[in-house]
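Input: a single structure, listed below in structure tokens.
Heavy-atom basis, side chains included; hydrogens, waters and symmetry copies ignored.
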Amino acid sequence: MSLKEKTYSVLVVSASQNLITSMHDLLSSSKFETVKYTASVSSAKRANLEKAYDIVIIDTPLPDETGDDLAIDLSTNEASIVMMLVHYDLYDEIHENYSKYGIFVASKPTSDEILAHSLNWLESARERTRSYEKKTLSIEDKMQEIRLVNQAKLVLITDKGMSEDEAHKYISKQAMDKCVSKGVIAEEILGK
């Protein structure tokens, strides 16, 4: 699937009507399947409880808080890529302090062109995290299969009097003969 076919959910946290208007125009593309606008930290936290967003854009400061803690909280969710928009006078300090959390920082005032480029960077970062998520799931699946096979070997050893090597060979041969994974054979042995 090409990057043009990918879709993203976006949370924009801003009290600035100008930024919301700019973001609305930029996020009107079909690749942004869900777009939510909030104007405060408290409403952003409620929105995040309802749904984890792929991309979060926080325009600081916000009416109820600066938004810094919100950015850190949301960046701990591996699925969310967070960008803070900060006044250009604060850019260096904020970037220095928040880049360690994986938070992107952009200075404002900004232009629609820079916002569009920033969205492209955020999409790229999200795709990278998606690839890690797939690898993590794959590793977890493999580990689960190993656990199942070990449990099945234990059953074969205790119930059938096989050695560990015989139990391993039995499971492997059954998997080959039936053209299924060892995990499927282990589940059959365990009665799952």
Side-chain angles (χ1 to χ4, degrees), residues 1-140:
M1 182 180 282
S2 76
L3 193 58
K4 290 180 181 180
E5 297 168 337
K6 303 282 184 172
T7 59
Y8 306 93
S9 57
V10 182
L11 174 62
V12 178
V13 188
S14 177
S16 165
Q17 192 55 50
N18 289 339
L19 180 75
I20 290 171
T21 301
S22 293
M23 294 306 299
H24 182 71
D25 293 343
L26 292 170
L27 297 172
S28 62
S29 162
S30 62
K31 70 179 168 181
F32 301 108
E33 64 179 353
T34 304
V35 180
K36 174 110 176 153
Y37 297 93
T38 65
S40 67
V41 169
S42 58
S43 59
K45 286 179 180 178
R46 280 192 302 276
N48 190 61
L49 287 174
E50 295 169 10
K51 174 181 179 37
Y53 290 86
D54 294 314
I55 296 170
V56 179
I57 299 167
I58 303 170
D59 179 22
T60 65
L62 293 159
D64 52 350
E65 293 179 39
T66 61
D68 300 0
D69 291 337
L70 174 66
I72 292 170
D73 289 346
L74 296 179
S75 71
T76 60
N77 176 358
E78 294 88 23
S80 295
I81 304 300
V82 179
M83 180 176 79
M84 291 174 57
L85 292 168
V86 300
H87 193 271
Y88 69 90
D89 289 342
L90 301 172
Y91 174 83
D92 290 332
E93 177 187 345
I94 298 293
H95 176 70
E96 172 95 17
N97 293 328
Y98 291 86
S99 62
K100 65 185 169 196
Y101 298 105
I103 297 169
F104 290 82
V105 181
S107 65
K108 61 180 186 177
T110 189
S111 67
D112 288 351
E113 183 178 14
I114 290 173
L115 287 173
H117 288 283
S118 297
L119 276 171
N120 289 337
W121 297 330
L122 297 171
E123 290 168 24
S124 297
R126 181 62 183 116
E127 287 310 308
R128 186 169 180 97
T129 61
R130 281 181 178 168
S131 72
Y132 290 140
E133 288 167 2
K134 288 177 186 172
K135 287 179 185 175
T136 300
L137 287 175
S138 175
I139 290 169
E140 288 172 0

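Between the CG atom of Leu85 and the CZ atom of Phe104 there is a distance of 13.0 Å, given to the nearest 0.5 Å. Leu62 CG to Ser14 OG: the interatomic distance, rounded to the nearest 0.5 Å, is 7.0 Å. Here the straight-line distance linking atom CG of Leu119 with atom CG of Asp112 works out to 10.5 Å at 0.5 Å rounding. Note that OG of Ser16 is 5.5 Å distant from CG of Asp59, once rounded to the nearest 0.5 Å. Rounded to the nearest 0.5 angstrom, Ile81 CD1 and Glu123 CD are separated by 11.5 Å. Between the OG atom of Ser80 and the CG atom of Asp73 there is a distance of 11.5 Å, given to the nearest 0.5 Å.
Within the 4.5 Å cutoff, no side-chain heavy atoms of Met83 are placed close to those of Val105. The closest side-chain heavy-atom distance from Pro109 to Tyr88 is below 4.5 Å. Between Tyr8 and Val35 there is no side-chain heavy-atom pair separated by less than 4.5 Å. Residues Val12 and Lys36 have side chains not in contact (no heavy-atom distance under 4.5 Å, counting atoms from C-beta outward). In this structure the side chain of Val41 never reaches within 4.5 angstrom of the side chain of Val13, judged on heavy atoms. You'll find the side chain of Ser107 stays beyond 4.5 Å of the side chain of His87, heavy atoms only. Contact annotation: the side chain of Leu74 never approaches that of Lys45 to less than 4.5 Å [non-hydrogen atoms, C-beta and beyond]. Using a 4.5 Å heavy-atom threshold, the side chains of Thr34 and Val10 count as separate.
Residues Ile103 and Ser75 share a closest heavy-atom pair of CG1-CB, 3.8 Å. When all heavy atoms of Leu115 and Ser22 are compared, the closest pair comes out as CD1-CB, 4.2 Å. Contact detail for Ala39 and Ala15: the closest heavy-atom pair is O-CB, 4.0 Å. The shortest non-hydrogen separation linking Ala47 to Leu11 is CB-CD1, 4.1 Å.
In this structure, Lys51 satisfies the cation-pi test against Tyr53, with its NZ or CZ atom closer than 6.0 Å to the six-membered ring centre and inside 45 degrees of the ring normal.
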* Determine, stepwise, if the pair Thr7 / Phe32 fulfils side chain to side chain contact (heavy atoms under 4.5 Å, CB included). => CA-CA 5 Å; Thr7 59; Phe32 301 108; over 6 Å; no

* To do: Run the numbers on Leu19 and Tyr37 for side chain to side chain contact (heavy atoms under 4.5 Å, CB included), then give the verdict.
  => CA-CA 11 Å; Leu19 180 75; Tyr37 297 93; over 6 Å; no

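By the 6.0 Å contact criterion, NE2 on His24 is open, its count of non-hydrogen atoms from other residues, nucleotides or ligands being 12 or less.
By the 30° and 60° cut-offs, the orientation of the rings of His95 relative to Tyr91 is parallel.
Remark: side-chain polar atoms of Ser9 are paired, donor with acceptor, to backbone N or O of Asp54 under 3.5 angstrom. Using a distance-only test at 3.5 Å, with no hydrogens or angles considered, a donor-acceptor pair links the side chain of Asn97 to the main chain of Glu93.
Using a 4.0 Å cut-off between charged nitrogen and carboxylate oxygen, Glu127 and Lys6 count as a salt-bridge pair.
For the residue pair Ser42 and Ser40, a side-chain donor N or O sits within less than 3.5 Å of a side-chain acceptor on the partner.
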